[in-house]
Number of protein chains: 2
Amino acid sequence: MARREQASRGRDDRAGSLWLQPESKKRDPLTRERIVGAALELLDAHGAAALTVRRLAEQLGVAPATLYGYVRTKEDVLDLALDAVYAEVRIGEEYEDWSAEVAELLHAWRNALLRHPWSATVLGRPQLGPHMLAREERLYALLAAGGLTAPELQDAAYALSNYVIGSLLMQVAWQQQDESVRHAAAGHIAERSEAYPTLAAHRGTPDADWDRSFTNGLRSLLGGIAPD
Amino acid sequence: MARREQASRGRDDRAGSLWLQPESKKRDPLTRERIVGAALELLDAHGAAALTVRRLAEQLGVAPATLYGYVRTKEDVLDLALDAVYAEVRIGEEYEDWSAEVAELLHAWRNALLRHPWSATVLGRPQLGPHMLAREERLYALLAAGGLTAPELQDAAYALSNYVIGSLLMQVAWQQQDESVRHAAAGHIAERSEAYPTLAAHRGTPDADWDRSFTNGLRSLLGGIAPD
DNA sequence: TTATTCTTCCGAACACTGTTCGGACTACCA
DNA sequence: TGGTAGTCCGAACAGTGTTCGGAAGAATAA
C-alpha cells in the first residue's frame, strides 16, 4: 500500500496521461530551490522538529535517498533555508542618519527571524550564505560610514549582531512554551520571593513586551557605540 | 558477549566478592546527582552530541531504562547539567561600583559557559534552575541598586543577558569549527571583495579577539544603560 | 533501428536515537 | 517462611540521518 502510494506519486498511470507526462516532468525537475522551498513550508508550518528527511522527500514526491543527490546533508538544507530567510531582510541603499539606518537594519533582521521561529535552532552554526553576508556587509558599511575604524568597527558589529541573536534566541525560547508554562515560571519565582526578592518584585509579566525591550536595548547599545 | 559484559557490570561474580557487594551497593546508590555528574563528564569530554542515554547509562554501570526512574527525559538531564554550570558562577556579596560589579558578573557568567561549550546548544530552552535564577536575581539587584526601576530595569536586564548569550553562541559556533574552516570562510569573503568590500577590508582575522570585543561591547552597553 | 553510455532515482538496509512496558530480582517486614 | 515494596532492566518500538548497488530512463553513437 505504501508502495502503491509512492509509485502513484512518481508516475501517473491514468488513461491518456502519458501525453502529459514528459511536460510535467520537465516543469517539475528536482532542484535545490524546490527542496529548500518545500523545507521552508514544513518548517514554517510545523517547526524545526518536523523537518525530517523522509517527510521532506514525501512532500516533494520523491524517495529520501534522492535528496542526497542535491544536498550533502540535512544540515545543508537548514543552512539554505536560513539563508532564504535572510533574503527577506530588505537592505536599503541611501540613508541620512547612519545610526538610525543601523537600527532599521537590525529591526528588519530580527523581524525576519521572528517570522520563522525555527531559525533560532539553526543559529548555532556559522552562516556564510550570500544573503547573510550581504546583511553583514551592510552593517559594516554603515558603521564605517559612521566613522568607526580598525578594532572598534569589529567590536561594534560583534556587539550589535550578538545582541540581536541573543534577543531572538531568548524570545523564541519563551514564546514556544505555551502560556501555562510562562505562568508557572512566574509562580515559581513568586513562591521563592525571599530567595529572589528583586526578581519577584521587578521581573515583568509572563508575556513581556519584547519589542519595547529590544528597541530600548538597541538604543542603549548604539548610544554607547557612536565614536566621539 | 554484549550480554555478558552488561551482566558483569551490574554484578560482581568474582570469588569472595559477595562480602563487598552490599557495602559498595550502598556507597554508590544511583541518584540524580550522580547522573548529572556523569553527564557533565561526557559533555565536557566529548561534546553535546556524545551525550546519549545509552552512553550515559553505560558510564554509570546501569541499563538505559534505569535512568528513567530518576529523570523524566534526556532534556531534564541537560537542564540539570546546565544549572550545574551556572553554579560555577561566583556571585559576590558586597560591591563598590554597581556597574563594575555587573560587568564582573557577566564576565564570570560568560567564562563559566565558555568552559563548557556544549552549554550553547542547551540555551535554546528557558532555564529556571536555582543557580540560573540566583544569577538573574543578582543582576536585577545590582541594576536596581544602580537606580533603575520599572520598565528600564527589565530592559537593561534583557539587553545585558541577551548580549551575553548571543556572544557566547556565536563564539562557540565559530570555535567549534576547526581552523581550516575559519580560513576557508575568510578566503570566501576575500574572493568576493567586490560584493562585500567593507567586509573584505575590515572583517578581522579568522581567529578574532573574542575577549576584547566582548569587553568593549559590554562597556558600550553599560554606558548606554546607566540612568541619568 | 539498435547498442551504449550517462544521469537520475530509489528499495533496502545500517547504525543509531529516545522512550516504554512487563516482568524479574532484591530487600525488607510480618 | 511468605508476602510486599521498590529497584532495575531485556526487549522491543517507532523513529532518525545516511549509504550503496543496481534499476529505469534519456541521450548519444553506430
Side-chain angles (χ1 to χ4, degrees), chain A residues 1-13 18 21-32 34-35 39 42 46-81 121-122 125, chain B residues 1-13 17-18 21-32 34-35 39 42-43 46-81 121-122 125:
Chain A
M1 189 197 111
R3 235 170 154 257
R4 258 198 108 222
E5 219 185 309
Q6 195 118 355
S8 73
R9 223 196 320 282
R11 191 173 331 293
D12 188 345
D13 285 346
L18 79 160
Q21 265 305 309
E23 236 184 4
S24 75
K25 247 287 160 67
K26 260 184 193 129
R27 269 229 249 105
D28 276 10
L30 196 53
T31 62
R32 268 192 184 209
R34 276 194 67 213
I35 292 176
L42 280 175
H46 306 111
L51 184 75
T52 71
V53 175
R54 288 182 200 359
R55 268 199 276 267
L56 181 55
E58 187 185 14
Q59 176 128 103
L60 290 160
V62 133
T66 304
L67 299 179
Y68 288 88
Y70 297 82
V71 141
R72 277 203 338 272
T73 165
K74 183 194 165 184
E75 299 206 323
D76 280 7
V77 177
L78 283 166
D79 287 348
L80 290 167
T121 68
V122 191
R125 240 183 13 274
Chain B
M1 188 199 111
R3 233 169 155 257
R4 261 199 104 222
E5 219 185 309
Q6 195 117 356
S8 71
R9 225 197 317 283
R11 192 173 332 292
D12 189 343
D13 285 345
S17 71
L18 78 159
Q21 267 303 310
E23 239 188 358
S24 75
K25 248 285 161 70
K26 259 183 193 130
R27 272 231 247 105
D28 276 9
L30 197 52
T31 61
R32 267 192 185 211
R34 274 194 65 214
I35 292 176
L42 280 175
L43 289 165
H46 305 110
L51 184 76
T52 71
V53 175
R54 289 189 212 329
R55 267 199 277 266
L56 180 56
E58 187 185 15
Q59 177 129 102
L60 290 161
V62 133
T66 305
L67 298 179
Y68 288 86
Y70 298 83
V71 141
R72 278 203 339 273
T73 166
K74 183 194 164 182
E75 298 206 324
D76 280 6
V77 178
L78 283 166
D79 287 348
L80 291 167
T121 68
V122 191
R125 238 178 21 268

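Residue numbers start from 1 in every chain, and the chains themselves are labelled A, B, ... in the order their sequence lines are given, proteins ahead of strands.
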Please tabulate the protein-to-nucleotide N/O contacts below 3.5 Å involving nucleotides 21-24 of chain C, giving atom names and distances.
none

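Residue A:Tyr70 has its side chain nearest to C:dC9 when only C:dC9, C:dG18, D:dG17 are considered. Listed nucleotides: D:dG10, C:dC9, D:dT19. Nearest to the side chain of B:Ala63: D:dG10.
Two residues, A:Arg72 and A:Ala49, neighbour DNA chain D, and the one matched to the more 5' nucleotide by heavy-atom proximity is A:Ala49.
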Exercise. With Watson-Crick and G-U wobble geometry limited to distances under 3.5 Å, how should the secondary structure of DNA chain D be encoded in dot-bracket form, using | for bases paired to another strand and [ ] for crossing pairs?
Worked result: .|||||||||||||||||||||||||||..
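Every side chain to side chain contact (heavy atoms under 4.5 Å, CB included) that B:Thr66 has, sequence neighbours left out, goes to B:Leu30, B:Val62, B:Ala63, B:Tyr70. For B:Arg54, the side chain to side chain contact (heavy atoms under 4.5 Å, CB included) criterion is met by B:Thr52, B:Pro64, not counting sequence neighbours. Applying the side chain to side chain contact (heavy atoms under 4.5 Å, CB included) rule to A:Leu80 yields the partners A:Arg32, A:Val36, A:Val71; only residues at least two apart in sequence or on another chain are considered. Residues meeting the side chain to side chain donor-acceptor pair (under 3.5 Å) test with B:Arg55, sequence neighbours left out: none.
A:Leu51 comes within contact range of the sugar-phosphate backbone alone, with a heavy-atom separation under 4.0 Å but no base atom that close. Heavy atoms of B:Thr66 sit under 4.0 angstrom from at least one base atom.
As a whole-Å value, the separation of A:Lys74 NZ from C:dT17 P is 16 Å.
For A:Arg54 against D:dG17, a side-chain N or O and a base N or O form a donor-acceptor pair under 3.5 Å.
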For this session: Report the C-alpha distance between A:Leu78 and A:Thr121 in whole Å, list the side-chain angles of each, state the deciding distance to 0.1 Å, and finish with yes or no for side chain to side chain contact (heavy atoms under 4.5 Å, CB included).
Result: CA-CA 10 Å; A:Leu78 283 166; A:Thr121 68; 5.8 Å; no
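In this structure, A:Thr31 contributes its side chain and A:Arg34 its backbone to a donor-acceptor pair below 3.5 Å.
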